[in-house]
Amino acid sequence: MEYTNQSGFRQQPNVRMRGTPTDPSDPGLLFDDTSAGGNKPDRSGMGKGPDAYPGQGLLSDPMSNLAMAYGSSLASHGKEMMDKNLDRFIPISKLKYYFAVDTVYVGKKLGLLVFPYMHDNWEVSYQQDTPVAPRFDINAPDLYIPVMGFITYILVAGLALGTQNRFSPEILGIQASSALVWLIIEVLTVLLSLYLVTVNTDLTTIDLVAFSGYKYVGMIVGVIAGLLFGRTGYYLTLLWCCVSIFVFTIRTMRLKILSEAAAEGRLVRGAKNQLRMYLTMAIAAAQPVFMYWLTFHLVR
Amino acid sequence: MAFTLYALIQTAILFTNAIAVLHEERFLSKIGWGAEQSIGGFGDEPGIKAQLLNLIRSVRTVMRVPLIAVNSVCIVLLLLFG
């Protein structure tokens, strides 16, 4: 599922060495390949190097050709080395999966976060053992919404504090680190409890970060409602968003944590499943608590 | 509540220190949390208590040496910067 197109500087800017343009609906590709043939100037996904060199006249000179070739080979070598070293610490390729989203997915997911009651099938579809990229499956977790939600939450918090004349630039930093610390604490607690209950699940840490980050959407909606409609608006909207996030988290985590039979709704007795159900409910109940905790001081 | 990342690091260090100072013989065995009590039957899924004891024992084994380094750094920083 790797992004197969090469990126970086090209040696022959006039000839595009490209593979055949693949079908954009091919689930094997994370990102759409929108530059096909040699005609479309759009870059897909993460286009890295500049393609159209300004000033064709510069290239006719053989010396500058040589210099450009040397420079580009140096640059690609350095980039290779940096990529290799960076990949050891942060799994970049795994992160790419979480950002393979498109507008339709984001729209649907946001709708699902505030109104999860009509959705039927919560299972993540797989494609030969690997989960399908988020753009093809609305149930797959992504990191785009949490990251954007976090940043928007910081900005909205600044806005809210500004309307009460409590703003100063340091407040933004304090809010950001505070929310980040609570996120880290929550993810660590969930990891610890998953370890203690010995759940055999394919939830990775990044998945947990994604699920914990979905509550920022509800928080933002609540705070904005509070800004527009005062405290009652804030409480009502927050209540609605809390219940939605609760239902959303339960329905998503249930499939991941509980065993197959219990997740389908059939009553399965046994201490193990009961414990896992309690764990799911605890995780889901923590979300509204955090949502309230992180926003109540913003709305007066 | 204004939490900073530094507070988180401090909390983590304090927690890990707290787990590392639990003495095997003098304390854990006395309250029935010793290492030998956590070995359940093989094939039997370990319960929460066994997992917790495993966690405590592994934290103590793994984090002893790094904690020495981290604590020294912390002490020096606190001495220098208050």
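Letters A, B, ... mirror the listed sequences (proteins, then strands); counts begin at 1.
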Donor-acceptor pairs under 3.5 Å, side chain of residues 281-291 of chain A to any protein atom, not counting sequence neighbours: which ones?
from: A:Gln287; atom 1: NE2; to: A:Glu186; atom 2: OE2; distance (Å): 2.8

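In this structure, the side chain to side chain donor-acceptor pair (under 3.5 Å) partners of A:Ser168, at least two apart in sequence or on a different chain, are A:Glu170.
Other residues, nucleotides and ligands place more than 12 heavy atoms under 6.0 Å from the CZ atom of A:Phe167. The number of heavy atoms from other shown groups lying within 6.0 Å of OH (A:Tyr195) is above 12.
Residue A:Leu188: no heavy atom, backbone or side chain, is found under 4.5 Å from chain B.
Rounding to the nearest 0.5 angstrom, the gap separating the CG atom in B:Asn54 from the CG atom in A:Leu196 is 10.5 Å.
Under a 3.5 Å cut-off, the side chain of B:Gln51 and the backbone N or O of A:Val197 do not form any donor-acceptor pair.
In this structure, the side chains of A:Val181 and B:Leu5 come closer than 4.5 Å at one or more pairs of heavy atoms. In this structure, the side chains of A:Leu192 and B:Leu55 come closer than 4.5 Å at one or more pairs of heavy atoms.
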